[in-house]
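Below: the structure, in structure tokens.
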Number of protein chains: 2
Amino acid sequence: MPLATAELRLHRRAPIGRELHGMLRRQILRGVLRPGESIPETTLAERAGVSRTPVREVLRRLADEGFVTIIPQVGTYVAPIRLAAVYDSQFIRETLECRTIRLAAENLTEPDAAVLRANLAAQQASLEAGESDAFFDQDDALHACFVRIAGRPAIWQVIQGVKSQLDRVRYLSLQSGDWPPVLVEEHATLVGHVLAGDAERAEAAMRAHLRTVFATIERLSRTNADFFETPAP
Amino acid sequence: MPLATAELRLHRRAPIGRELHGMLRRQILRGVLRPGESIPETTLAERAGVSRTPVREVLRRLADEGFVTIIPQVGTYVAPIRLAAVYDSQFIRETLECRTIRLAAENLTEPDAAVLRANLAAQQASLEAGESDAFFDQDDALHACFVRIAGRPAIWQVIQGVKSQLDRVRYLSLQSGDWPPVLVEEHATLVGHVLAGDAERAEAAMRAHLRTVFATIERLSRTNADFFETPAP
DNA sequence: ACTTGGATACTTGTATACTAGTATGCCTCT
DNA sequence: AGAGGCATACTAGTATACAAGTATCCAAGT
């Protein structure tokens with residue numbers, strides 16, 4: 001028997017210019033690259049010290065994710081935030097996460113509980129230290145944790161893919177915002193209901209939590225109008 | 001005033017080798033290209049009469065969609081159907097569509113009703129004519145229609161992206177299967193509840209409908225074992 | 001003063017050449 | 001005969017060269 005081609009698969013040889021993707025995505029998310037800004041392939045290529053080929057592949061993927069707009073013989077631009085896409089993202093995320101947190105509340109085990117508590121503590125620390133970037137990541141981590149506890153870890157991949165547009169709004173609001181304390185409280189409420197195994201309340205709290213964005217979207221679309229797509233006349 | 005750069009945007013100049021993507025996707029879906037089969041970039045390129053560059057971009061996207069597996073310096077292969085991915089797809093699809101059909105039942109207008117009835121009639125025709133490929137498309141069209149009626153047309157894009165793996169199973173079952181009559185009946189039930197504006201029953205029927213795949217997955221994973229990933233030992 | 005025509009610079013799309021890593025088959029050595 | 005090492009062929013990754021379309025600017029004509 002031929003050893004079944006070894007399931008070790010440390011095939012991890014050359015993880016491509018995947019870093020480029022993360023870098024650009026982060027820069028767009030954080031507004032370093034502003035909507036409407038032109039980002040030619042050649043510029044990005046020489047800036048990163050690579051050729052156009054890998055840059056192109058990264059840009060294609062970013063276009064699929066809605067971060068850039070590629071116009072065939074014209075140019076590549078940072079995409080504006082489309083309000084319609086934000087609302088769609090919110091709808092999908094709410095639908096999926098409200099269902100998964102129910103499962104999480106029912107499937108909780110003790111080690112998971114510890115992770116949740118640790119995450120909350122870390123959020124509190126970030127809040128007091130004023131580190132909004134860290135909080136941004138911990139927020140994601142908590143939600144990912146719920147999905148994992150629910151026994152559907154792969155679903156988080158989908159949610160992450162969908163909430164791209166939401167993340168841009170979220171980052172803007174964290175920057176210009178005074179509401180992190182509220183978020184930490186809501187997270188604490190979520191964790192509390194999950195720890196108590198109360199699926200019903202957990203779902204309701206999640207729905208309310210995810211809908212807090214609505215309050216800020218309108219404000220942000222005026223405060224940072226240059227980030228948003230100008231609605232059709 | 002500069003005419004606002006004209007919103008006509010017939011920018012539709014060169015829709016790339018997008019056809020290639022559709023062609024490969026269809027061939028994998030229908031089993032023309034079988035799981036495990038090697039599909040080198042060069043082969044695909046010369047077969048399509050183009051260069052490797054556009055082929056590569058198509059393959060990258062297919063890899064993102066889970067249709068092919070790219071191993072860096074080794075080769076590109078048609079991906080097997082991963083049962084875990086199928087179950088995840090089902091979960092997501094059920095979650096999203098159960099919610100949207102509720103909205104559809106509440107938002108229905110008369111023109112939409114006509115479209116639904118027409119779709120059902122077309123399905124019946126395909127069934128009697130034994131055209132499984134046409135039925136496959138009409139099935140999709142009906143579900144897309146529900147999502148559109150719900151007022152969230154963009155959500156269908158997400159569902160379509162997620163259900164790739166499910167589609168492969170669905171196609172297999174349509175080929176080897178005797179159950180289209182059941183599906184048409186279920187579709188009729190769905191449409192009936194939506195037409196009646198009964199959100200509760202519509203959702204329940206949708207859940208039951210989407211879960212019919214479970215019945216066939218196990219059978220298919222034995223009948224067509226070569227299409228599925230061999231579970232870890 | 002305004003429009004219109006065309007030359008030019010710049011963009012992405014595509015093709016080709018080169019690099020590097022992997023698998024395979026053959027040969028040699030034990 | 002079997003096991004191990006080595007040369008070769010093939011793969012995707014990357015870089016570069018070429019093609020095709022677009023926007024811009026300037027000049028000429030009305």
Side-chain angles (χ1 to χ4, degrees), chain A residues 1-24 33 35-65 67-79, chain B residues 1-24 28 33 35-79:
Chain A
M1 271 293 108
L3 200 117
T5 58
E7 280 299 326
L8 302 180
R9 62 177 64 173
L10 37 141
H11 256 309
R12 294 290 163 207
R13 276 293 146 235
I16 342 146
R18 180 178 223 80
E19 313 173 27
L20 236 185
H21 178 267
M23 190 188 79
L24 281 176
L33 296 173
E37 188 169 344
S38 175
I39 44 174
E41 296 175 354
T42 53
T43 305
L44 296 176
E46 61 190 24
R47 187 179 301 174
V50 296
S51 103
R52 275 181 57 203
T53 312
V55 171
R56 273 183 62 82
E57 294 174 353
V58 167
L59 287 177
R60 301 284 285 210
R61 176 176 288 195
L62 287 171
D64 283 342
E65 296 174 298
F67 283 114
V68 306
T69 304
I70 302 176
I71 305 177
Q73 250 69 359
V74 179
T76 304
Y77 306 90
V78 177
Chain B
M1 271 294 108
L3 199 118
T5 60
E7 281 300 324
L8 301 181
R9 64 177 62 173
L10 38 142
H11 255 308
R12 293 293 160 206
R13 275 292 148 238
I16 340 146
R18 180 179 224 82
E19 313 174 27
L20 236 186
H21 178 267
M23 190 189 79
L24 282 175
I28 294 175
L33 296 173
E37 187 168 345
S38 174
I39 45 175
E41 297 176 353
T42 54
T43 305
L44 296 176
E46 60 190 24
R47 186 179 302 175
V50 296
S51 104
R52 273 181 58 203
T53 312
V55 171
R56 272 183 62 81
E57 293 175 354
V58 167
L59 287 177
R60 301 284 285 209
R61 176 177 289 196
L62 286 171
D64 284 342
E65 296 175 299
F67 283 114
V68 306
T69 305
I70 302 176
I71 305 177
Q73 251 67 359
V74 179
T76 303
Y77 305 91
V78 178

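As a basis for the values below, the full set of heavy atoms in this structure was taken, side chains included, without hydrogen atoms, waters or symmetry mates. Letters A, B, ... are given to chains in the order of the sequence lines, protein chains preceding strands, and every chain is numbered from 1.
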- Query: Between atom CG of B:L62 and atom NE2 of B:H21, what is the distance when rounded to the nearest 0.5 Å?
  - Reply: 4.5 Å

- Nearest 0.5 Å please: distance from the CZ atom of A:R52 over to the OG1 atom of B:T53. 10.0 Å

- Query: Got A:R56 and A:L59 here, is their nearest side-chain heavy-atom distance under 4.5 Å?
  - Reply: no

In whole angstroms, how far is the [atom2] atom of [N] from the [atom1] atom of [X]?
X     : N      : atom1 : atom2 : result
A:E57 : C:dG13 : CD    : P     : 13 Å
A:E46 : D:dT14 : CD    : P     : 18 Å
B:L20 : C:dG13 : CG    : P     : 15 Å

Write out a two-atom table: protein N or O, nucleotide N or O from nucleotides 7-12 of chain D, distance below 3.5 Å.
unit_1	atom_1	unit_2	atom_2	d
D:dT11	O2	B:Q73	O	3.4
D:dA12	OP1	B:T76	N	3.1
D:dA12	OP1	B:T76	OG1	2.8
D:dA12	OP2	B:E41	N	3.1
D:dA12	O4'	B:P72	O	2.8
D:dA12	O3'	B:P72	O	2.8

- Query: Minimum heavy-atom separation for B:V55 to B:A45, with atom names?
  - Reply: CG2-CA, 3.7 Å

- Task: Give the minimum heavy-atom separation between B:Y77 and B:I71, together with the two atoms involved.
- Result: CE1-CD1, 4.2 Å

- Which residues share a side-chain hydrogen bond (donor to acceptor under 3.5 Å, both in side chains) with B:R61, sequence neighbours left out: A:D64

- Message: Side-chain N or O of A:S51 versus OP1/OP2 of D:dA15: is the shortest distance under 4.0 Å?
- Response: yes

